[in-house]
Amino acid sequence: MENLISLVNKIQRACTALGDHGENSALPTLWDSLPAIAVVGGQSSGKSSVLESVVGKDFLPRGSGIVTRRPLVLQLHKIDEGSREYAEFLHLPRKRFTDFVAVRKEIQDETDRETGRTKQISSVPIHLSIYSPNVVNLTLIDLPGLTKVAVEGQPDSIVKDIEDMVRSYIEKPNCIILAISPANQDLATSDAIKISREVDPTGDRTIGVLTKIDLMDKGTDAVDILEGRAYRLKFPWIGVVNRSQQDINKNVDMIAARRREREYFNSTPEYKHLANRMGSEHLAKMLSKHLETVIKSKIPGIQSLINKTIAELEAELTRLGKPVAADAGGKLYAIMEICRSFDQIFKDHLDGVRPGGDKIYNVFDNQLPAALKRLQFDKQLSMENIRKLITEADGYQPHLIAPEQGYRRLIESSLITIRGPAEAAVDAVHSLLKDLVHKAMSETLDLKQYPGLRVEVGAAAVDSLERMRDESKRATLQLVDMECGYLTVDFFRKLPQDVDKGGNPTHSIFDRYNDSYLRRIGTTILSYVNMVCATLRHSIPKSIVYCQVREAKRSLLDHFFTELGKMEIKRLSSLLNEDPAIMERRSALAKRLELYRSAQAEIDAVAWSK
């Protein structure tokens with residue numbers, strides 16, 4: 001199952017390259033779901049020596065105080081026998097290091113680039129991959145050594161800062177803790193065991209490594225610890241013998257060091273019965289095997305996270321819209337499609353598929369009738385005004401039978417007041433149509449993607465509505481003017497006459513101007529005006545719907561489409577000049593989606609092959 005660890009290493013590198021890991025996100029990520037081994041220990045606990053023994057190479061910086069000042073994500077890749085060993089850093093893609101002294105220097109230099117030439121620490125990890133036929137497939141995270149006091153050049157918070165950084169890695173449930181403790185110190189004071197116990201009190205995720213066994217005081221041994229009696233963990237403790245400082249100074253190679261380590265455990269009476277599970281070689285194999293087991297157990301959860309994340313990424317990419325086409329034809333087509341989408345949403349509001357269109361009916365059913373009822377005809381039909389207009393209409397010769405010209409003037413002066421409610425109805429519908437345009441724009445996702453196009457489409461739609469409003473106002477007011485210009489004759493023919501049937505007029509001409517006569521004229525005119533109001537109550541909405549609502553559904557963006565066809569590519573590009581932040585977000589999401597789909601395919605293949 002070596003390919004399973006290699007697959008996880010590959011996914012982790014890809015996650016890191018895209019920034020899809022826990023250090024950059026508050027949300028669960030693919031990186032967080034992948035098991036990894038974090039190496040924890042106090043300063044001078046032999047942590048670096050253990051890592052170098054596992055790798056079989058000198059490549060870590062050495063010195064006094066805090067040497068590891070940034071997390072080092074170390075990925076080991078086993079390659080074919082006879083192949084040349086090399087290393088690669090994620091921050092230096094396509095550059096291979098075959099000299100591991102240069103690897104050590106690059107770790108130091110990259111640390112200094114982030115923290116400066118100080119003793120400060122940084123949580124930004126360095127990613128190193130080592131390819132060798134002499135390693136097992138494995139991922140280890142080397143964390144800064146825990147310390148108890150700050151030294152010169154370090155802030156007072158350094159102790160807590162390092163603990164917080166270490167804890168942020170090892171508290172994750174998928175993290176395997178490799179706790180390094182020196183055998184020549186009391187285990188009760190072990191920094192690694194103390195912090196591991198905080199996040200893993202049952203010891204289910206902790207693997208204990210005991211270093212410096214060969215440096216214990218004479219007459220003492222570590223058997224109680226290695227056999228699990230002093231401090232029990234789920235997995236057996238592993239003892240290692242690192243190279244001494246003298247060996248390091250003499251450049252004793254790892255092969256020789258491992259041979260001497262095997263000889264030590266095989267030849268030391270206290271440890272001879274444990275020799276088969278002691279040493280750096282056994283540690284590396286055991287870690288690789290355990291990591292494989294943990295990865296296999298986590299595959300269902302990883303698959304679930306990947307599937308969920310793919311769905312979320314696809315949904316967000318859909319919301320952000322497609323990237324812009326490069327050619328003029330593609331840009332024009334994209335604009336037309338966005339405009340059609342907006343136009344359809346606008347129509348849906350009018351047709352009741354989406355809310356809002358019902359407010360237009362409210363104008364016709366409530367607002368207009370209420371406005372007509374509120375019209376005050378008292379002024380036009382007061383006794384004084386009736387007498388004045390009829391007298392003026394008669395001129396020098398009083399009317400003989402009925403004051404027709406006076407009737408006409410009184411009716412016209414009354415009907416002309418209906419223009420106000422008619423105009424108000426037109427303006428109210430215009431305002432509602434504009435509101436629906438703004439609603440449709442906010443609901444057209446692609447318009448959010450292109451602010452320039454959004455402004456142009458909004459302006460074009462409002463311009464069209466204003467032209468339709470002007471035409472509607474002319475047509476609607478013409479309905480009122482038509483009623484003023486030609487009276488319904490049948491209404492007056494059906495009225496009772498002054499001359500009694502079979503008799504002669506009983507009143508003189510001057511009696512025709514008395515109050516009773518004038519009141520009867522006022523009542524007649526009011527009845528006629530009310531009849532006209534009832535007619536206009538039905539015809540005004542028809543005119544408004546025909547000139548505004550129907551026309552808006554039919555040709556809201558026709559004028560814009562005509563202008564669009566005349567635009568050059570530069571102008572089209574300006575309309576599709578989306579927010580750079582959205583472009584960057586879409587690109588990042590697309591890369592992340594590609595990573596997750598690739599991981600999905602590869603993990604599914606491994607899962608099916610089990």
Are [X] and [Y] close enough that some pair of their side-chain heavy atoms sits under 4.5 Å apart?
X      : Y      : result
Val529 : Cys533 : yes
Gln600 : Gln303 : no
Asn362 : Gln367 : no
Leu487 : Tyr528 : yes
Glu314 : Arg597 : yes
Leu557 : Phe342 : yes
Ile121 : Asp161 : yes
Leu90  : Leu128 : no

Partner residues of Arg585 under the side-chain hydrogen bond (donor to acceptor under 3.5 Å, both in side chains) criterion, sequence neighbours left out:
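side-chain hydrogen bond (donor to acceptor under 3.5 Å, both in side chains) list for Arg585, sorted by chain: Glu316.
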With side chain to side chain contact (heavy atoms under 4.5 Å, CB included) as the test, would you mind laying out the steps for Ser555 and Met468 before giving the verdict?
CA-CA 10 Å; Ser555 61; Met468 295 168 192; 3.9 Å; yes
Would you find more than 12 non-hydrogen atoms of other residues, nucleotides or ligands less than 6.0 Å from [X] atom [atom1]?
X      : atom1 : result
Phe491 : CZ    : yes
Lys347 : NZ    : yes
Glu312 : CD    : yes

With distance as the sole test, does [X] use its side chain to make a donor-acceptor pair with the main-chain N or O of [Y] at under 3.5 Å?
X      : Y      : value
Ser431 : Ala428 : no
Ser587 : Glu584 : no
Asn530 : Leu526 : yes
Ser598 : Leu595 : no
His349 : Gly357 : no
Thr535 : Met531 : yes

Electrostatic pair [X]-[Y], nearest N-O below 4.0 angstrom:
X      : Y      : value
Asp343 : Lys553 : no
Glu412 : Arg409 : no
Lys566 : Glu563 : yes
Asp435 : Lys439 : no
Lys473 : Asp427 : yes
Glu337 : Arg340 : yes
Asp470 : Arg474 : no

Looking at every non-hydrogen atom in both residues, tell me the closest pair between [X] and [Y] and how far apart they are.
X      : Y      : answer
Pro125 : Arg70  : O-NH2, 3.3 Å
Pro71  : Val124 : CD-O, 4.0 Å
Leu575 : Tyr450 : O-CB, 3.6 Å
Ser573 : Lys331 : OG-CE, 3.2 Å
Ile418 : Pro421 : O-CD, 3.2 Å
Leu479 : Ser539 : CD1-O, 3.6 Å

Could you give all pairs that pass the side chain to side chain donor-acceptor pair (under 3.5 Å) test and reach residues 453-468, with sequence neighbours left out?
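Non-adjacent pairs meeting side chain to side chain donor-acceptor pair (under 3.5 Å): Glu456-Arg571, Ser464-Arg467.
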What's the verdict on side chain to side chain contact (heavy atoms under 4.5 Å, CB included) for Ile345 and Val353, showing C-alpha distance, side-chain angles and the deciding distance?
CA-CA 9 Å; Ile345 293 173; Val353 178; over 6 Å; no
Between Ile544 and Phe364, is a side chain to side chain contact (heavy atoms under 4.5 Å, CB included) present by the stated rule, with each step listed?
CA-CA 10 Å; Ile544 291 174; Phe364 302 148; 3.8 Å; yes
From [X] [atom1] over to [Y] [atom2], what is the distance, rounded to the nearest 0.5 angstrom?
X      : Y      : atom1 : atom2 : result
Leu556 : Leu433 : CG    : CG    : 8.5 Å
Ile306 : Leu313 : CD1   : CG    : 11.5 Å
Thr524 : Ile411 : OG1   : CD1   : 9.0 Å
Leu332 : Leu576 : CG    : CG    : 9.5 Å
Glu423 : Ile540 : CD    : CD1   : 10.5 Å
Glu551 : Arg469 : CD    : CZ    : 15.5 Å

When you look at Leu536 and Leu372, which way does the side chain to side chain contact (heavy atoms under 4.5 Å, CB included) test go after all the steps?
CA-CA 10 Å; Leu536 290 175; Leu372 291 173; 5.5 Å; no
Verify the distance criterion only: is there a donor paired with an acceptor across the side chains of Ser129 and Glu88 at less than 3.5 Å?
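Glu88 and Ser129 do not have a side-chain donor-acceptor pair below 3.5 Å.
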Is a donor from one side chain sitting under 3.5 angstrom from an acceptor on the other, for Ser543 and Thr476?
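Short answer, yes.
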Output, in order, the C-alpha distance, side-chain angles, deciding distance and verdict of side-chain hydrogen bond (donor to acceptor under 3.5 Å, both in side chains) for Gln75 and His127.
CA-CA 8 Å; Gln75 293 183 328; His127 293 265; over 6 Å; no
Both conditions, 6.0 Å and 45 degrees, for the charged tip of Lys172 above the ring of Tyr169: are they met here?
yes
